[in-house]
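Heads up, the thing below is written out as C-alpha cells.
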Amino acid sequence: QVQLVESGGGLVQAGDSLRLSCAASGRTFSIYTMGWFRQAPGKEREFVAVIRWSVDNTHYSDSVGGRFTISRDNAKNTAYLQMNSLKPEDTAVYYCAAGPTITTSLIRAPGHYDYWGQGTQVTVSS
C-alpha cells in the first residue's frame, strides 16, 4: 500500500501563487507515475499534471500549461505542484495520485492510478 498526503492548499487572490506538496509513504518503490488532478463542485475530476518518478518526463493539461509546474524530490518521496498566475477557474479540490507505469495516452484518466490522497482545497478569489 501507498499513502499520499497533500498539503499547501488555501485561499488566494487571482494572480497569486501556491505550491502543493504530496508526500508518499509505504511501498513507494511501486510508484512510477505521480499526477495531480482536481475536482470543482459539480464537475468531474480532471487531469492537471503528471510526472514520471524515475525520468524527467512531464505532461500538463492545456488549461494549466505554462502556469503550473510539477516536480518531484525522490529522496523525500514527495511531488510538488507549483501553481502561478492562479485564476478563479482554478478553484477546486486538488488530489495527488500515484500509480505504476502508465502509457502516455492514458495518463489523463483517473482510473489508471492506484492510490489517491485526501485532497486539498484551493480557492482563488477574483
I'd like to know if the side chain of [X] reaches the main chain of [Y], judged simply by a donor and an acceptor atom lying under 3.5 Å from each other, with no hydrogens or angles considered.
| X | Y | value |
| --- | --- | --- |
| Glu6 | Gln118 | yes |
| Asp16 | Leu86 | no |
| Arg67 | Ser85 | yes |
| Gln39 | Val93 | no |
| Ser30 | Thr28 | no |
| Thr58 | Thr69 | no |

Does one side chain, of [X] or [Y], offer a donor that lies under 3.5 Å from an acceptor on the other?
| X | Y | value |
| --- | --- | --- |
| His112 | Asp114 | no |
| Thr123 | Gln121 | yes |
| Arg19 | Tyr80 | no |
| Ser17 | Asn84 | yes |

Do [X] and [Y] touch side chain to side chain, with heavy atoms closer than 4.5 Å?
| X | Y | result |
| --- | --- | --- |
| Thr91 | Val122 | no |
| Leu20 | Thr120 | yes |
| Ser61 | Arg108 | no |

Minimum-distance pair of heavy atoms, taken over all atoms of [X] and [Y]:
| X | Y | result |
| --- | --- | --- |
| Arg72 | Ser54 | NH2-C, 3.7 Å |
| Arg38 | Ala92 | CB-CB, 3.8 Å |
| Pro88 | Ser126 | CG-CB, 3.8 Å |
| Cys96 | Leu4 | O-CD1, 3.7 Å |
| Val50 | Ile107 | CG1-CD1, 3.4 Å |

Would Arg45 count as a cation-pi partner of Tyr95, with NZ or CZ less than 6.0 Å from the six-membered ring centre and within 45° of the ring normal?
-> yes
Worksheet item: Between Asn77 and Trp53, is a side chain to side chain contact (heavy atoms under 4.5 Å, CB included) present by the stated rule, with each step listed?
Response: CA-CA 9 Å; Asn77 289 322; Trp53 205 240; 4.2 Å; yes
With Ile51 as partner, the option from Thr33, Ile70, Asn57 fulfilling side-chain contact (heavy atoms from CB on, under 4.5 Å) is Ile70
(Q) Using 30° and 60° as the class boundaries, would you call the ring planes of Phe37 and Tyr113 parallel, tilted or perpendicular? (A) perpendicular
For Phe47 together with Trp36, are the ring centres under 6.0 Å from each other?
no
